[in-house]
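Numbers restart at 1 for each chain; the letters A, B, ... are given by sequence-line order, proteins then strands. What's counted below: heavy atoms across the whole structure, side chains too, no hydrogens, waters or symmetry copies.
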Amino acid sequence: MAHENDDSKPAKANGTETEASSHFIKEIIEKEVAENKNDGRVHTRFPPEPNGFLHIGHAKAICVNYGLAEEFGGKYNLRFDDTNPAKEETAYVEAIMRDIRWLGFDWEDRLFYASDYFDQLYEFAIRLTKDGKAYVDDLTADEIREYRGTLTAPGKDSPYRNRSIAENLDLFERMKAGEFPDGSRVLRAKIDMAAPNLNMRDPVMYRILHAEHHRTGNKWCIYPMYDWAHGQSDSIEGITHSLCDISFEDHRPLYDWFIDQLGIHHPRQIEFARLNIGYTVLSKRRLIQLVKEGFVSGWDDPRMPTLSGLRRRGYTPEAIRTFCDRIGVAKRESMVDIALLEYCLREDLNIRARRMMAVLDPLKVIIDNYPEGQVEQFEAINNPEDESAGTRMIPFSREIYIEREDFLENPPKKFFRLAPGQEVRLKHAYYITCARVVKDENGRIVELHCTYDPESRGGGTPDGRRVKGTLHWVSAAHARDAEVRLYDRLFTRENPLEDEDFKANFNAGSLTAIRGCKVEPALADAQPGEFFQFLRQGYFCVDSVDTTENKPVFNRTVSLKDTWAKIAGKQ
RNA sequence: UGGGGUGUCGUCAAGCGGUAAGACACAAGCCUUUGGAGCUUGCAUUCGGAGGUUCGAAUCCUCCCACCCCAGCCA
């Protein structure tokens, strides 16, 4: 009873399966769990700063942090690292939560903010001060830099380094009370100005910032620095493994130092390499420039590597997750080929997208021997990879549109499409042969006259003759107009940052909007977010922003692999 | 010239002293009513380099080379 497809196409991943690839962090956790460290608990967190939208590089971090917790039956938190009121906004908080949920992760009731801990952090700071391990410094920012020394020369102690504990306590209290202007003083950890690791040269813990915070309002005018806030926040939440970017590797001694001085729960920080992908940039700082300077329409522009951009473009969370699983986790810096992301996408879309016919660049074809006024309905399979997707009816008539590039007056070898005297199959319909080409005064082809073989109805003939080419088409009288947007890489250089101004490498041709496309009637009711495969073209989704009642806009998510383009390219 | 990292196929990436996984890409072929999908096959005598230890090294030791990160009151 087994259907052909059932045994010939087993267990091919549907994109949501996670390849259980191991990596160094997993090994560390396995070992610790086996030793019953932290009572065998695994608790991770993803700590975004709400100063921009999440991009696919963050998706990797989320998948690593959250994926590991899931794998070990642990928990994971979402914690906004909102220690710098100057850059952070509530709008970003919301966008970030939406994107993480879309990816398929649920932090349940474990949503936190570093700002939740401002009081606790302040108390911790007083403790360190009382222990003589922190002091208020009156040096200016410039002076602090000078006193810090250089990569090769040790720093020197600030003249304020040895204030009495009482004075430090008093000054710190008054810093908090708002007695001093921005930048006039800081609280610093007293560690070692000669430490070879610059992070240990009395790092700043608090700075004065009279700024309104998106959550605490005007309660505070001193704000903790990342190094002071992060580890303690991890500790307070009972995090066991604090997984972060490799660039924090030399902050780890400081991370450990603060926690050890305080004697509180000690999470383990482990660093792994961030994701890089060619022809784009994965940095909030740079992406925000593209947004603010109008290179793109917004954070969710379909060309953006942001999760909201990818979503609008038609990427599925499953594809992104599979991608994150496949790129692995290691410490070496790398540049992942976008082809892998696209492969994961096509793999997922192939089994899920309903097939439709859409002609992007229409060329009219008149079938001379087809009865005028006659309309036939052909039943078309919606998805050969998924029988449950069912079928739909497609109208056929005497005048149709085919893709302009599917006809060549003087075809090269191996061109299996339409050409004078050459026969092709119209998908789901008939075989047609090109009889005549009509051009305008400029020599541009205006329309084609063809004849059809009534015997070929449905796509085959009694004589079983071979027809190599199959074209997509749309009945002229029944077609609907649509706009289609094609996207190309965001930048023209694989590593746009190799130039002084990365924006100079912006790909001006990254967006092509095509109006006057002809799509089959079934597409008329497509709703924003719906996705399809346009036969022989690629995967497309209905744009969720610019689509209006009578004017559907389709985004090309990714093209289909194009073997002919490869062959043609070689000729 | 200080400290911290990293160097295995074009791109990712396993390998944890016993004689180079896998994936993408690429190539060839099969199949095909999407030149899609699928299937088959091929693709590192070699692991940044040079020495050394060992019966045996990508894995251990030594030295060297290259690249990345750190001198924010950003995260």
### Query
Where the side chain of A:N84 is concerned, which of B:G35, B:A71, B:A75 is the nearest nucleotide?
B:A75
### Query
For B:A37, does OP1 or OP2 lie under 4.0 Å from any side-chain N or O of A:R536?
no
### Query
Is the distance from OP1 or OP2 of B:C24 to the nearest side-chain N or O of A:Y343 less than 4.0 Å?
yes
### Query
If the C1' atom of B:G51 is compared with that of B:G72, how far apart are they to the nearest Å?
45 Å
### Message
Side chain of A:N350, heavy atoms from C-beta onward: which of B:A75, B:A71, B:G36 has the nearest atom to it?
### Response
B:G36
### Query
Which residue lies toward the 5' end of RNA chain B, A:H230 or A:P196, if each is placed at its nearest nucleotide?
A:P196
### Task
Give a yes-or-no answer on whether the side chains of A:N382 and A:R355 include a donor-acceptor pair shorter than 3.5 Å.
no
### Message
Could you tell me how far B:G42 sits from B:C9 if I compare only their C1' atoms? Round to whole Å.
### Response
13 Å
### Query
Can you check whether A:T563 has a side-chain N or O nearer than 4.0 Å to OP1 or OP2 of B:G36?
yes
### Face-to-face contact A:W564 to B:G35 six-ring, under 5.5 Å, under 30°
yes
#### Entry: Minimum-distance nucleotide to A:L340 side chain [options: B:A13, B:A71, B:A23]
B:A23
### Query
Do any side-chain nitrogens or oxygens of A:S334 fall under 4.0 Å of OP1 or OP2 in B:U11?
no
### Task
Determine which nucleotide pairs with B:G2, using a 3.5 Å limit on both distances of a Watson-Crick or G-U wobble pair.
B:C70
### Message
Check for me whether the distance between the ring centres of A:F80 and A:Y113 falls short of 6.0 Å.
### Response
yes
### Query
Looking just at side-chain N and O atoms, do A:D202 and A:Y147 make a donor-acceptor pair shorter than 3.5 Å?
no
### Query
Considering Watson-Crick and G-U wobble pairs with both distances under 3.5 Å, what does B:C63 pair with?
B:G49
Pairs of donor and acceptor atoms involving the side chains of residues 330-337 of chain A, under 3.5 Å and at least two apart or interchain, shall be tabulated with distances.
residue : atom : partner : partner atom : Å
A:K331  : NZ   : A:E249  : OE2          : 2.4
A:D337  : OD1  : A:A339  : N            : 2.9

### Task
Ignoring the backbone of A:E249, work out which of B:G5, B:G3, B:C73 is nearest its side chain.
B:G5
### Task
With heavy atoms under 4.0 Å as the rule, sort A:Y431 into base, sugar-phosphate or nothing.
nothing
### Message
Please tell me whether A:E455 and A:Y430 have a donor and an acceptor in their side chains that are separated by less than 3.5 angstrom.
### Response
no
### Task
Have a look at B:G38 and give me syn or anti from its glycosidic angle (syn if within 90° of zero).
anti
### Nucleotide nearest A:K566 when distance is taken to its side chain, options B:C73, B:A37, B:C26
B:C26
### Task
Using Watson-Crick or G-U wobble geometry with both distances below 3.5 Å, tell me the partner of B:A44, or none.
none
### Summary
Which of A:Y539, A:F540, A:F534 passes ring-ring contact (aromatic ring centres under 6.0 Å, His included) with A:F554? It is A:F534
### Message
Of the listed nucleotides (B:G36, B:G3, B:A71), which one gets closest to any side-chain atom of A:R145?
### Response
B:A71
### Message
Under a 3.5 Å threshold, yes or no: a donor from one side chain and an acceptor from the other, between A:E379 and A:Q377?
### Response
no
### Task
Determine which nucleotide pairs with B:U32, using a 3.5 Å limit on both distances of a Watson-Crick or G-U wobble pair.
none
Strictly under 3.5 Å: I want the nitrogen or oxygen pairs between protein and nucleotides 66-69 of chain B, one per line.
residue : atom : partner : partner atom : Å
B:C68   : O4'  : A:E333  : OE2          : 2.9

#### Entry: From B:C12, B:C24, B:A71, nucleotide with atom closest to A:L198 side chain
B:A71
#### Entry: Nucleotide nearest A:V336 (side chain, heavy atoms from C-beta), chosen from B:C24, B:G15, B:C12
B:C12
### Query
Looking at A:Y223, A:W228, A:F172, which hits ring-ring contact (aromatic ring centres under 6.0 Å, His included) with A:Y122?
A:F172
### Task
Identify the nucleotide, in any strand shown, that forms a Watson-Crick or G-U wobble pair with B:A20, with both distances under 3.5 Å; if there is none, say none.
none
### Message
For a quick check under 3.5 Å, do A:N51 and A:E88 share a side-chain donor-acceptor pair by atom type?
### Response
no
### Task
Report yes if a side-chain nitrogen or oxygen of A:R252 is closer than 4.0 Å to either non-bridging phosphate oxygen (OP1 or OP2) of B:C70; otherwise report no.
no
### Message
Between A:R326 and B:A23, is there a contact of a side-chain N or O with OP1 or OP2 at under 4.0 Å?
### Response
no
### Task
With the side chain of A:K87 defined as its heavy atoms from C-beta on, choose the nearest nucleotide among B:C12, B:U1, B:C74.
B:C74
### Message
For B:A14 and A:R332 - does any side-chain N or O of the residue sit under 4.0 Å from the phosphate oxygens OP1/OP2?
### Response
yes
### Query
Quick one: which of B:U34, B:G4, B:G35 gets closest to the side chain of A:K427?
B:U34
